[in-house]
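Inspection log for the structure reproduced underneath, given as structure tokens.
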Amino acid sequence: MKYDFRSIEPKWQKKWEEAGAFRAVDNSDKKKFYALVEFPYPSGAGMHVGHIKAFSSMEVVSRKRRMQGYNVLFPIGFDAYGLPTENYAIKTGIHPREVTDRNIVKFTSQLKRVGFSFDWDRVVDTTEEGFYRWTQWIFLKMFENGLVFRDQALVNYCPSCKVVLSNEDSQGGKCDICHSDIVQKSKTVWYLRITEYADRLLSGLDEVDYLPNIKQQQINWIGKSTGAFVNFTVKETGEKLRIYTTRCDTLFGVTFMVIAPEHPIIEANRDRITNIKALDAYREVCAKKTEFERTQLNKEKTGVRIEGLTAVNPVSGKEIPIYISDYVMMGYGTGAIMAVPAHDERDYAFAKKFGIDIIEVIKGGDISQEAYTGDGEMVNSGFLNGYTNKKDSIARMLTYLKEQGVGEMGVQYKMKDWAFNRQRYWGEPIPIVHCRYCGMVPVPYEELPLRLPRVENFEPGEGGESPLAKIDSFVNCKCPKCGRDAKRETDTMPQWAGSSWYYLRYIDPHNSKALADPEKLKYWMPVDWYNGGMEHVTRHMIYSRFWHKFLYDIGAVPCSEPYAKRTAQGLILGPDGEKMSKSRGNVVDPNDVIDVYGADVLRTYVLFMGDYASAAPWNDSSIKGCKRFLDRLADLTDLIRENGGSPKLETSFHKTVKKVSDDIEELKFNTAIAAMMALINEIYEVGSLTREQMMTLARLLSPFAPHLAEELWETLGGEGLCALAEWPTWDETKTVDSTVEVAVQINGKVRATVELPVDCPKEKAIALAKADARIAGQIEGKTVVKEISVPNKIVNIVVR
RNA sequence: GCCGGUGUGUCGGAAUCGGCAGACGAGACAGACUCAAAAUCUGUUGUCCGCGAGGGCGUGUGGGUUCAAGUCCCACCACCGGCACCA
């Protein structure tokens, strides 16, 4: 058959669209399958081949599921709020709305050209009123439920761009945009109380099927640690100084305390502290450091002793000094630690520098040389002396602390509350009104969406204010509660907002009464399979799991976890082996590939190029192999004969159907395609095949190269669309040949192979192996020590 | 430092309930077709010794278990990803 991709690809794309072949059906009796891919950010550069790979796994699975009779929901949308569009607008003066619309048109045409089987009736755009209305709705629900709060915090601020930056945008202490030095600035920050869900985000992982490394990253991100809170007492004031520790059994080894420079106890005791000037000087130095500098490892420990305050160890009664040092963070635990220099490397370094006592409480190391962090017998520890097991000594100490009322078990998380505002224009307005009399008042639900006003100037204001702050008509409003003059919040939500719930909107994208109809949610949720990048398995996925759990708590969704299964693709690197980027100039544009080879070749190649989960470089010549594969496959129609093929070929078909079916489920597309290649190589050797076999081949090919598959299907007289034809099945009994080639080893080295019937009994196999001339020659004159035969695999004869 | 992963020809990669290492594809070389090139087709292609039959070596390194190890065990090395002064 002549394979002219230029004519057949548009032809079948049109037919699919006319037939509504990929439309998901609501209220169907069929079994559902919801496949999800991470919706793209519609950047001006358009898609690169990495996007194609990212979408291709669920594309193949979706197409296979449809052929298996499932009602499939495979949607696409656009995560369109964000900084690049806004920066582009600042630079060019073109409004983000126009830029976004233009980019979405571009992405849509690219996606359609590839022939993805998305349901185009369900496209969502996070910047559209009908969508962000519900983003705001969820925010207000969280506000109502006490999950939203405001607090002063130090933020990364770029004095040149006049903009507050996230930690990601200020790596290395430099502004990501203009590369000037970042300073720390105190700002009011909106927070979502994600830490309240920390434990459930952790335990929820037991219910879902994520790749192990994905689960592990989430576990690390949440960072749960179990330990104890212990109250030390300040001798001079009687105040409690509370610390968190995971090793409360080392309490007898505490020789000093360290608190964070920001710890409130300093302000509370300014007049009592005799060296307050020295402390203030140190604190000022710390305040100037960025989070990045402060967390640099292996740097010299610094700090200042607080004169005038002394702590009392609640267990030993010993009086110890208190220091401030920036190696203790206000943001973790209580911002204060008990220091056990003998058994903690950081405390050891600090004690050495400041000449503080080091008391050994765990035997096993040499504390004159370094801190000993291993296990061992407890010493110098009162009632704990003689304990050798960490678990027991901690348990004993916890009991004691509780009895004495000076401490108790506690849990800490590395995960922090989610800073949820940006001083930016191109985002969802936070629907809150500040009233002088009523405080923070939510915008009434019926007034949603709170529209983002159309402005002409997107430059951030002085001091890093949102551009919205300059729009009087937006800012000035009446308090929804008391009706007096009030001002709107001018910050917007971060980029993560829309993507935290978009998968729900696909289920009912045009609903104006609710974020989605409960009946539809019940049918479609949860997402059966979600694929995306490894870079999103912590932030995006944790954020969206948090929102989902909240929505579950208020009865808005029917299940507690949004994604039943999660996998990730590896990057496509540039032809030079480096990460694709505009600045390197190594980006491959899918349109260029389609122009030359067609969409089917592109689709096949991105899946054939390597292990789906690993990164692999693009190779301009390797893609030819996929082109040849499809050409050769199309030409097979010339070999169709009434009694074509051979019994062995029939077996190979059954094997291949099984292999391709199984491999798709494990995302092993490269070996699935390789199996089809091997099959057509075999057909060419045999020289003919049957029409039935060719139709099987077309259906197997359909998820990968659907346009060619349709064309073949039509040529062969198949009924309806190949995309909706029944997925081929295999007969397990027909996947085995009648004979197998078995390797014969002498002392573990292969010396010959013999053709044996399948499941040949051991004795017979050994006898037949020995009958082989070469084997007989090898055994001659030697003693056979042992004979091993593994049916259908190997015969090994050990001789001496 | 901690956690996770990977290491196989010239390249992308196959093969892990231990059983013929290098499937499939690319590249390279040789040949056919062609005035020629491209495309296509055929053959060769881990490495070393040998005219050949054949044999030695070979899956990051070193050791071990086994009739048999890319696969299992021990010790290391290198690279990639994540977290990181987390108390």
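Chain letters run A, B, ... following the sequence lines, proteins first, then strands; residues in each count from 1.
With P as the reference atom, B:G55 and B:A21 are 13 Å apart, rounded to whole Å. Across B:A26 and B:U16, the matching C1' atoms stand 26 Å from one another, rounded to whole Å. Taking atom P in both B:G62 and B:A23, the straight-line distance is 26 Å, to the nearest Å. Taking atom P on both B:U8 and B:G13, the two are 9 Å apart, rounded to the nearest angstrom. For B:C57 and B:U34, the P atoms lie 49 Å apart once the distance is rounded to whole Å. The separation of B:G27 from B:G82, taken at their C1' atoms, amounts to 36 Å, rounded to a whole angstrom. Between the P atoms of B:U65 and B:A15, the separation comes to 30 Å (whole Å). Distance check on atom P: B:U71 versus B:U66 gives 16 Å, rounded to whole Å.
Looking at heavy atoms from C-beta onward, A:Lys624 lies in side-chain contact with A:Tyr597 at the 4.5 angstrom threshold. Here the side chains of A:Gln217 and A:Trp221 are not in contact, with every heavy-atom distance at 4.5 Å or above.
Spacing between atom CD1 of A:Ile222 and atom P of B:C3 amounts to 19 Å, rounded to whole angstrom units. Protein atom NZ of A:Lys352 is 25 Å distant from nucleotide atom P of B:C85, rounded to whole Å. Rounding to whole angstrom units, CG of residue A:Asp326 and P of B:A87 are separated by 18 Å. Note: NZ (A:Lys786) to P (B:U66) measures 10 Å, nearest angstrom. The distance from atom OH of A:Tyr327 to atom P of B:C86 is 10 Å, rounded to the nearest whole Å. Rounded to whole Å, atom P of B:C85 lies 20 Å from atom CE of A:Met338. The interatomic distance linking A:Glu345 (CD) with B:C2 (P) rounds to 9 Å, in whole Å. Rounded to whole Å, the distance from CG on A:Asn213 to C1' on B:C80 is 13 Å.
In this structure, CG on A:Leu633 lies 4.5 Å from CG on A:Leu697, to the nearest 0.5 angstrom. Taken from CD1 in A:Ile52 to CD1 in A:Ile572, the straight-line distance is 8.5 Å, to the nearest 0.5 Å.
In this structure, the ring-ring contact (aromatic ring centres under 6.0 Å, His included) partners of A:Phe229, at least two apart in sequence or on a different chain, are A:Tyr244.
Partner assigned to B:A30 is B:U42, using Watson-Crick or G-U wobble distances below 3.5 angstrom. With a cut-off of 3.5 Å on both pairing distances, the Watson-Crick or G-U wobble partner of B:C76 is B:G60. With a cut-off of 3.5 Å on both Watson-Crick or G-U wobble distances, the partner of B:G12 is given as B:C24. In a base pair of the Watson-Crick type (N1 to N3 plus N6-O4 or O6-N4) or a G-U wobble (N1-O2 and O6-N3), with each distance short of 3.5 Å, B:G19 is matched with B:C67.
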Exercise. What string of B, S and - do you get for nucleotides 10-21 of chain B, 5' to 3', if B is base contact, S is sugar-phosphate-only contact and - is no contact with any protein heavy atom under 4.0 Å?
Worked result: --BSSS---BB-
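Using a 90° window around 0 for the glycosidic torsion, B:G50 falls outside it and is classed as anti.
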Would you be so kind as to tabulate the donor-acceptor pairs closer than 3.5 Å made by side chains of residues 605-621 of chain A, with sequence neighbours excluded?
from	atom 1	to	atom 2	distance (Å)
A:Tyr605	OH	A:Asn619	N	3.1
A:Tyr605	OH	A:Asn619	O	3.4
A:Asp611	OD2	A:Ser614	OG	2.7
A:Tyr612	OH	A:Lys53	O	2.7
A:Tyr612	OH	A:Ala54	O	3.4
A:Tyr612	OH	A:Ser57	OG	2.9
A:Tyr612	OH	A:Asn531	ND2	3.3
A:Trp618	NE1	A:Asp620	OD1	3.0
A:Asn619	OD1	A:Ser621	N	2.8
A:Asn619	OD1	A:Ser621	OG	3.0
A:Asn619	OD1	A:Ser622	N	3.1

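Neither OP1 nor OP2 of B:C41 sits under 4.0 Å from any side-chain N or O of A:Arg628. OP1 or OP2 of B:G55 lies within a sub-4.0 Å distance of a side-chain N or O belonging to A:Arg751. Proximity of A:Tyr332 to the phosphate of B:A87: a side-chain N or O atom is located under 4.0 Å from OP1 or OP2. When the side-chain nitrogen and oxygen atoms of A:Lys624 are compared with OP1 and OP2 of B:G27, one or more of them lie within a distance under 4.0 Å.
Residue order along RNA chain B, read from the 5' end via each residue's closest nucleotide, puts A:Ala674 first among A:Asn747 and A:Ala674. Toward the 5' end of RNA chain B, the nearer of the two residues A:Lys414 and A:Gln216, judged by each one's closest nucleotide, is A:Gln216.
Residue contacts for A:Asp347: at a heavy-atom cut-off of 4.0 Å it reaches no nucleic acid atom on any strand shown.
Electrostatic pairing of A:Arg566 and A:Glu38 counts as a salt bridge here, judged by a charged N lying under 4.0 Å from a carboxylate O.
Here the nucleotide nearest the side chain of A:Asn220, chosen from B:G56, B:G82, B:G25, is B:G82.
Counting distance only, with no hydrogens placed and no angle test, the side-chain atoms of A:Lys301 and the base atoms of B:C85 include a donor-acceptor pair under 3.5 Å.
Judged by distance alone, the side chain of A:Arg751 and the main-chain N or O of A:Ile775 form no donor-acceptor pair under 3.5 Å.
Ring orientation note: the planes of A:Phe669 and A:Phe704 are nearly perpendicular, at an angle over 60° on the 30°/60° scale.
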